[in-house]
Visitor: 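First the structure, then my questions, so here it is.
In this chain, residues are counted from 1 in sequence order. These figures come from a predicted structure and were not determined experimentally.
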Amino acid sequence: MAPAVPLAVLALVALVAPGLGLAPGCDYPAHRWCSSRDAAVACQVESRCPSLPHPAAAPVELSLYYESLCPACREFLVLKLFSTWLLLPDEMLNITLVPYGNAQERNVSGKLDFQCQHGPEECLGNMIEACLMHEAKNFSTYFPVIFCLESGSSVTKNLEACLQIYAPELDSGRIAACVQGDTGVALMHHNAQLTEALDPPHQYVPWITVNGKHTNELQAQAEASLLGLVCHLYQGEKPEACGGSKAPKILSGCRR
């Protein structure tokens with residue numbers, strides 16, 4: 001990188017030789033070249049203006065399609081997704097969680113019924129997490145609770161304890177009412193629709209989309225080094241956490 005040249009030197013150059021180093025469209029006096037990004041761009045001195053604010057960059061959009069009792073899903077969420085979220089600033093990574101996975105939706109006598117790969121307890125776990133998200137609404141509120149559920153001994157029995165630790169302001173009674181009522185069924189139906197709409201269709205879980213896309217390469221990179229992938233894709237200023245990361249083993253997913 002070229003060494004920074006003080007603005008005073010640039011100004012002197014402009015006065016002595018107006019044609020040197022000054023863009024034709026620059027109508028700003030030298031002392032205002034770094035006053036705004038527009039001025040710096042017009043005068044082609046952006047690299048000499050370290051105090052300029054960096055333009056906002058879009059966050060990396062990551063969606064995780066999973067099921068609550070799938071071992072590979074739990075490991076990815078607990079060891080990779082949650083830790084990456086903790087390390088990066090909020091504006092850098094936007095996460096969507098869709099608990100459904102390889103479940104099947106059926107209409108039984110006019111009512112929706114769900115069958116899950118790991119049995120009724122997984123269906124209950126999926127619905128608890130969907131209702132938790134619905135009640136909490138704020139990602140930074142419900143994600144630590146889901147982390148607690150997925151990293152603990154029981155996804156379906158530890159809600160009270162996890163709420164006390166991470167989100168005591170949430171009402172467990174409202175979450176239970178959601179799970180036992182029509183709202184929980186509607187949330188699971190919505191997750192079923194999101195999962196079935198995947199293109200290409202999901203073949204296993206965890207199924208990861210990055211910026212709306214799924215490829216074998218993106219899946220492998222996310223499982224191998226999620227932090228490294230997000231840091232590579234983010235177009236804004238990189239935080240210190242992006243200094244480098246190596247990845248652990250990849251568990252085989254839960255196939256349909």
Visitor: Can you name the nearest heavy-atom pair linking Leu149 to Asn158, along with the distance?
Guide: CD2-C, 3.8 Å

Visitor: Using side-chain heavy atoms (C-beta onward) and a distance below 4.5 Å, is Met92 in contact with Val60?
Guide: no

Visitor: Just so I know, are the side chains of Thr183 and His134 near enough to count as touching, which here means a heavy-atom distance under 4.5 Å?
Guide: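 Yes, close enough: below the 4.5 Å cut-off.
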
Visitor: Taking all non-hydrogen atoms of both residues into account, name the closest pair between Cys34 and Arg48 and its distance.
Guide: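 Taking every non-hydrogen atom into account, SG-O, 4.0 Å.
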
Visitor: Let me check something: do Tyr65 and Phe139 share a hydrophobic cluster, defined by ILVMFWY side-chain heavy atoms less than 4.5 Å apart, either directly or through other members?
Guide: no

Visitor: Does Leu233 offer a backbone N or O that forms a donor-acceptor pair with the side chain of Gln235 under 3.5 Å?
Guide: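 Side chain of Gln235 to backbone of Leu233: a pair is present.
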
Visitor: Find out whether Cys242 and Leu88 are in side-chain contact, i.e. whether some heavy atom of one side chain is under 4.5 Å from a heavy atom of the other.
Guide: yes

Visitor: Any chance the side chains of Gln193 and Tyr100 put a donor and an acceptor closer than 3.5 Å?
Guide: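 No.
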
Visitor: Would you say that Leu81 contacts Ile95 through its side chain, given a criterion of any heavy-atom pair below 4.5 Å between the two side chains?
Guide: yes

Visitor: Under the side chain to side chain contact (heavy atoms under 4.5 Å, CB included) rule, what do Leu112 and Arg106 come out as? Steps first, then yes or no, please.
Guide: CA-CA 6 Å; Leu112 292 177; Arg106 300 182 305 164; over 6 Å; no

Visitor: Could you walk me through whether Leu226 and Phe76 pass side chain to side chain contact (heavy atoms under 4.5 Å, CB included), step by step?
Guide: CA-CA 9 Å; Leu226 181 61; Phe76 179 79; 4.0 Å; yes

Visitor: In terms of relative ring orientation, are Phe82 and Trp85 parallel, tilted or perpendicular, with 30° and 60° separating the classes?
Guide: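 Ring orientation of Phe82 relative to Trp85: tilted.
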
Visitor: Would a hydrophobic clustering, with Ile, Leu, Val, Met, Phe, Trp and Tyr connected at side-chain separations under 4.5 Å, put Leu79 with Phe143?
Guide: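 In one cluster: yes.
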
Visitor: Without swapping roles, check the side chain of Lys80 against the backbone of Glu75 for a donor-acceptor pair under 3.5 Å.
Guide: no

Visitor: I would like to know whether Ile208 and Val210 meet side chain to side chain contact (heavy atoms under 4.5 Å, CB included); could you show each step before the answer?
Guide: CA-CA 7 Å; Ile208 302 159; Val210 180; 4.1 Å; yes

Visitor: Using modelled atom types only, decide if a donor and an acceptor are shared between the side chain of Ser151 and the backbone of Val78 within a distance under 3.5 Å.
Guide: no

Visitor: Say you draw a straight line from CG of Leu97 to CG of Leu77; how long is it, rounded to the nearest 0.5 Å?
Guide: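 With rounding to 0.5 Å, CG (Leu97) is 6.0 Å from CG (Leu77).
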
Visitor: Is it the case that more than 12 heavy atoms not belonging to Glu169 sit under 6.0 Å from its CD atom?
Guide: yes

Visitor: Kindly say whether Leu64 contributes a backbone atom to a donor-acceptor pair with the side chain of Trp207 at under 3.5 angstrom?
Guide: no

Visitor: Can you see which heavy atom on Ala167 is nearest to which on Thr141, and at what distance?
Guide: CB-CG2, 4.0 Å

Visitor: Which distance, rounded to the nearest 0.5 Å, do you find between the CZ of Phe147 and the SG of Cys162?
Guide: 9.0 Å

Visitor: SG/Cys26 to CD/Gln44 distance, rounded to the nearest 0.5 angstrom?
Guide: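 That separation rounds to 9.0 Å.
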
Visitor: Considering all heavy atoms of both residues, which atom of Tyr142 and which atom of Lys137 are nearest to each other, and what is their separation?
Guide: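 Closest heavy-atom pair between Tyr142 and Lys137: CE2-O, 3.7 Å.
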
Visitor: Are side-chain heavy atoms of Glu129 and Val155 found at a separation under 4.5 Å?
Guide: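 Side-chain contact under 4.5 Å: yes.
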
Visitor: Check whether Leu86 and Tyr166 end up in the same hydrophobic cluster, where Ile, Leu, Val, Met, Phe, Trp and Tyr are linked by side-chain heavy atoms less than 4.5 Å apart.
Guide: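 Yes, it is one cluster - the side chains of Leu86 and Tyr166 are joined through contacts under 4.5 Å.
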
Visitor: Applying the side-chain hydrogen bond (donor to acceptor under 3.5 Å, both in side chains) test to Glu61, which of Asn211, Asn94, Thr209 qualifies?
Guide: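 It is Asn94, the one option of Asn211, Asn94, Thr209 that forms the side-chain hydrogen bond (donor to acceptor under 3.5 Å, both in side chains) with Glu61.
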
Visitor: For residues Gly101 and Thr195, report the shortest heavy-atom separation together with the two atoms involved.
Guide: O-CG2, 3.7 Å

Visitor: Might you point out which heavy atoms bring Gly184 and Cys131 nearest each other, and give the distance in Å?
Guide: CA-SG, 3.8 Å

Visitor: Using the rule that Ile, Leu, Val, Met, Phe, Trp and Tyr join whenever any side-chain heavy atoms are under 4.5 Å apart, tell me whether Met133 and Leu93 fall into a single cluster.
Guide: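 Both belong to a single hydrophobic cluster.
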
Visitor: How about Leu163 and Pro168: do any of their side-chain heavy atoms sit closer than 4.5 Å?
Guide: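 Counting from C-beta outward, Leu163 and Pro168 never come under 4.5 Å.
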
Visitor: Quick one about His118 and Asn102 (side-chain donor to acceptor, distance below 3.5 Å, no hydrogens or angles considered), yes or no?
Guide: no

Visitor: Working to the nearest 0.5 Å, report the span between CD1 of Ile128 and CD1 of Ile175.
Guide: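 Going from the CD1 atom of Ile128 to the CD1 atom of Ile175 covers 9.0 Å.
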
Visitor: Taking it one step at a time, do Ile146 and Glu150 satisfy side chain to side chain contact (heavy atoms under 4.5 Å, CB included)?
Guide: CA-CA 6 Å; Ile146 291 177; Glu150 293 291 345; 4.1 Å; yes

Visitor: Report the distance from atom CD of Gln115 to atom CD of Gln104, rounding to the nearest 0.5 Å.
Guide: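 With rounding to 0.5 Å, CD (Gln115) is 8.0 Å from CD (Gln104).
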
Visitor: Measure the shortest side-chain to side-chain distance between Val145 and Ile165 over non-hydrogen atoms and say whether it is less than 4.5 angstrom.
Guide: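 Not touching, per the 4.5 Å side-chain cut-off.
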
Visitor: To the closest 0.5 Å, what do you measure between CG (Asn126) and CD (Glu67)?
Guide: 7.0 Å

Visitor: Counting neighbours of NZ on Lys238 that are heavy atoms of other residues, nucleotides or ligands and sit closer than 6.0 Å, is the number greater than 12?
Guide: yes

Visitor: In this structure, would Leu187 and Leu132 fall into the same cluster of hydrophobic residues linked by side-chain contacts under 4.5 Å?
Guide: no

Visitor: If you count the non-hydrogen atoms of other residues, nucleotides and ligands that lie under 6.0 Å from CG in Asn138, is the total more than 12?
Guide: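 Count over threshold, so yes.
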
Visitor: Using modelled atom types and a 3.5 Å cut-off, is there a donor and acceptor pairing between side-chain atoms of Gln219 and backbone atoms of Pro206?
Guide: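 Indeed, once roles are kept as given, a pair shorter than 3.5 Å links the two residues.
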
Visitor: Between Glu122 (side chain only) and Cys116 (backbone N and O only), is there a donor and an acceptor less than 3.5 Å apart?
Guide: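 No: the side chain of Glu122 does not pair with the backbone of Cys116.
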
Visitor: I'd like to check Val185 versus Met188 (side-chain heavy atoms, cut-off strictly below 4.5 Å). Are they in contact?
Guide: no

